[in-house]
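Notes to accompany the following structure.
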2 protein chains.
Amino acid sequence: MSTAESARAPRRIAERPDDAASRELVLAAAGQLFYARGFTAVGMDELRTQSGIPLKRLYRLFPSKEAIVEEVLFAWQRMWTAGVTAQVESTLVPRERLLAVYDFLAGWFTSEGFRGCAFINSFGEVGGASGNITDIVRQHKKHFQTYLAQLADEAGAPASLAPQLAILAEGAITTAAIAASAEPARHARAAAEILIDVALQGSAGGNCHPSHA
Amino acid sequence: MSTAESARAPRRIAERPDDAASRELVLAAAGQLFYARGFTAVGMDELRTQSGIPLKRLYRLFPSKEAIVEEVLFAWQRMWTAGVTAQVESTLVPRERLLAVYDFLAGWFTSEGFRGCAFINSFGEVGGASGNITDIVRQHKKHFQTYLAQLADEAGAPASLAPQLAILAEGAITTAAIAASAEPARHARAAAEILIDVALQGSAGGNCHPSHA
DNA sequence: TTGCCTAGATAACGATCGTTCTCTATTCTA
DNA sequence: TAGAATAGAGAACGATCGTTATCTAGGCAA
């Protein structure tokens with residue numbers, strides 16, 4: 001990969017070719033186990049068994065368990081963002097793009113093994129014990145709020161709408177997780193419709209009760 | 001040790017007079033420690049130190065650590081209910097009684113050591129590992145929703161309002177905890193005002209935009 | 001006062017955690 | 001083919017957990 005040593009690649013220790021694949025195996029197994037049972041409840045031995053990666057190699061790929069936790073959080077962040085944006089991109093109508101967030105939630109809530117927001121669960125588990133994890137969780141939520149603010153702005157809504165929609169989404173997730181029900185997604189969507197319509201008519205001067213009722 | 005020994009109650013072991021006070025000491029210390037750092041992060045030794053109750057006595061008052069956890073959850077439930085109802089009872093106007101929930105949240109968010117909803121944190125920590133704890137958390141949330149439904153009904157709102165208000169409260173709590181900010185209480189309250197007014201005007205036939213704007 | 005029973009302080013126990021070390025077999029270069 | 005270095009499997013290590021047992025001192029009935 002650099003000069004002449006890649007002609008035959010004699011013995012490069014630092015990066016073996018399948019290290020990346022092994023890391024993915026570990027992160028995939030860790031993601032499932034951590035989401036299902038939490039960080040502390042899953043030991044390194046179980047992570048070794050589930051991923052098929054020997055313990056020694058595991059500690060060569062990651063410096064510690066906490067490092068795995070952090071990378072799993074980043075992977076979750078990517079998955080969440082991809083899922084939400086995919087749903088949002090399915091339409092070009094600004095109002096529906098905002099509501100698409102709750103459609104994504106509805107699908108998520110009914111998916112196998114749904115157990116609430118992994119970031120909220122992580123925050124609750126580590127509390128303030130790990131500053132790194134808390135920071136990642138905080139950053140994830142801020143990122144989501146920024147995304148919502150952008151969607152709301154594109155819809156022509158005032159800046160006060162986005163935090164309200166974010167709170168609705170957040171509340172729907174935890175309520176659905178604890179109640180083990182998908183209904184909160186519909187409730188949150190219905191509430192979001194009202195908030196969006198009021199916000200839009202307030203700033204655009206539409207008629208009363210634009211769509212529903 | 002069976003028949004005539006209870007004639008004068010010579011040595012009653014089961015219940016000493018100060019057992020109740022000791023239990024309160026333990027539950028108070030456990031409540032603070034558990035809320036601040038989670039269940040698993042707080043050991044029995046720390047609980048002994050903080051409460052001043054010797055370990056042996058601690059295990060005579062409670063059969064296990066999990067039993068303490070459960071009783072702490074019940075104590076939290078009582079504290080939460082007392083705080084919310086006190087704020088609600090401060091007014092008799094149905095609409096303001098609904099909004100009082102978010103006023104309570106605003107005060108809570110700015111209180112020292114606020115770290116989110118203890119029930120949500122507990123749910124995230126134990127996941128589904130402890131069915132007892134999960135059940136208590138579920139029951140607490142259901143109790144809150146029922147209370148909100150009663151307040152909404154007294155305000156003359158349709159049944160669809162209460163779940164929306166509950167989701168707003170839930171989302172405000174977690175958002176405030178993660179962002180370490182009290183603003184979500186104001187955002188949730190503003191959203192609740194809109195939802196309430198729309199719900200009331202929809203069912204009572206008032207004019208457009210009743211109070212604000 | 002004497003003897004018994006219990007309280008409290010603390011050590012010990014078994015289990016489990018994250019992490020490291022040992023030992024053997026294999027692989028790959030020269 | 002000879003040799004060196006690494007990979008893998010698993011034991012071992014130190015720490016900590018929840019829980020229990022031990023030991024000593026003190027309170028109370030007779």
Side-chain angles (χ1 to χ4, degrees), chain A residues 4-23 25-26 29-30 33-34 37-72 125-127 129-130 132-133, chain B residues 1 4-23 25-27 29-30 33-34 37-72 125-127 129-130 132-133:
Chain A
E5 44 90 332
S6 71
R8 222 164 24 95
R11 71 195 128 183
R12 256 299 174 230
I13 298 176
E15 262 316 292
R16 315 272 306 311
D18 44 6
D19 274 4
S22 297
R23 284 175 64 96
L25 280 178
V26 173
L33 292 172
F34 288 165
R37 312 213 313 268
F39 298 141
T40 59
V42 175
M44 292 297 283
D45 258 11
E46 195 168 0
L47 227 141
R48 170 187 64 83
T49 303
Q50 203 72 15
S51 68
I53 306 296
L55 215 56
K56 195 170 186 176
R57 199 135 121 77
L58 229 156
Y59 272 97
R60 193 149 29 81
L61 294 170
F62 302 94
S64 68
K65 185 189 182 183
E66 175 146 346
I68 299 178
V69 169
E70 295 174 9
E71 296 226 27
V72 164
E125 181 167 359
V126 306
S130 168
N132 282 344
I133 292 178
Chain B
M1 53 177 77
E5 41 90 330
S6 70
R8 216 171 22 98
R11 59 197 140 187
R12 259 301 175 229
I13 299 174
E15 264 316 292
R16 316 272 305 309
D18 45 5
D19 274 3
S22 296
R23 285 175 61 95
L25 280 178
V26 173
L27 292 179
L33 291 173
F34 288 165
R37 311 214 312 271
F39 299 139
T40 59
V42 176
M44 293 295 286
D45 257 13
E46 194 167 4
L47 227 142
R48 171 188 64 85
T49 303
Q50 203 72 15
S51 68
I53 306 295
L55 214 55
K56 195 173 188 175
R57 199 135 121 77
L58 229 154
Y59 272 96
R60 192 150 28 82
L61 294 171
F62 303 92
S64 67
K65 185 187 181 184
E66 174 144 348
I68 299 178
V69 168
E70 294 173 10
E71 296 226 26
V72 165
E125 180 167 2
V126 306
S130 168
N132 283 345
I133 293 178

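Below, read A as the first sequence line, B as the second, and so on, with proteins coming before strands; counting in each chain starts at 1. Computed from heavy atoms alone, side chains included, the values below leave out hydrogens, waters and symmetry copies.
Separation of atoms CZ (B/R60) and CG (B/L58) is listed at 10.0 Å; rounding is to 0.5 Å.
The interatomic distance linking B/K56 (NZ) with C/dA7 (P) rounds to 7 Å, in whole Å. Rounded to whole Å, atom P of D/dA11 lies 10 Å from atom CG of A/D45. If you take CD1 of B/I53 and P of C/dA9, they are 10 Å apart, rounded to a whole angstrom. Rounded to whole Å, atom P of C/dT20 lies 10 Å from atom CE of A/M44. Note: CZ (B/F34) to P (D/dC17) measures 12 Å, nearest angstrom. Atom CZ in A/R60 sits about 20 Å away from atom P in C/dG18, given to the nearest Å. Between the CD1 atom of A/I68 and the P atom of C/dC17 there is a distance of 15 Å, given to the nearest Å. Atom CG in A/L58 sits about 15 Å away from atom C1' in D/dG10, given to the nearest Å.
Between the side chain of A/K65 and the base of C/dG18, no donor-acceptor pair under 3.5 Å is found.
B/R57 has a side-chain polar atom (N or O) that falls below the 4.0 Å cut-off from OP1 or OP2 of C/dG8. Phosphate contact (OP1/OP2 of C/dT10, side-chain N/O of B/R48, threshold under 4.0 Å): absent.
Under a 3.5 Å cut-off, the side chain of B/E71 and the backbone N or O of B/L27 do not form any donor-acceptor pair.
Closest approach of A/E125 and A/G38 over heavy atoms only: OE1-CA, 3.4 Å.
Nucleic acid contact for A/S64: sugar-phosphate only, since backbone atoms but no base atoms lie under 4.0 Å from a heavy atom of the residue.
Set against D/dA7, D/dA11, D/dG18, the side chain of A/L55 has D/dA11 as its closest nucleotide.
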ask   = Between A/F39 and A/I68, is a side chain to side chain contact (heavy atoms under 4.5 Å, CB included) present by the stated rule, with each step listed?
value = CA-CA 10 Å; A/F39 298 141; A/I68 299 178; over 6 Å; no
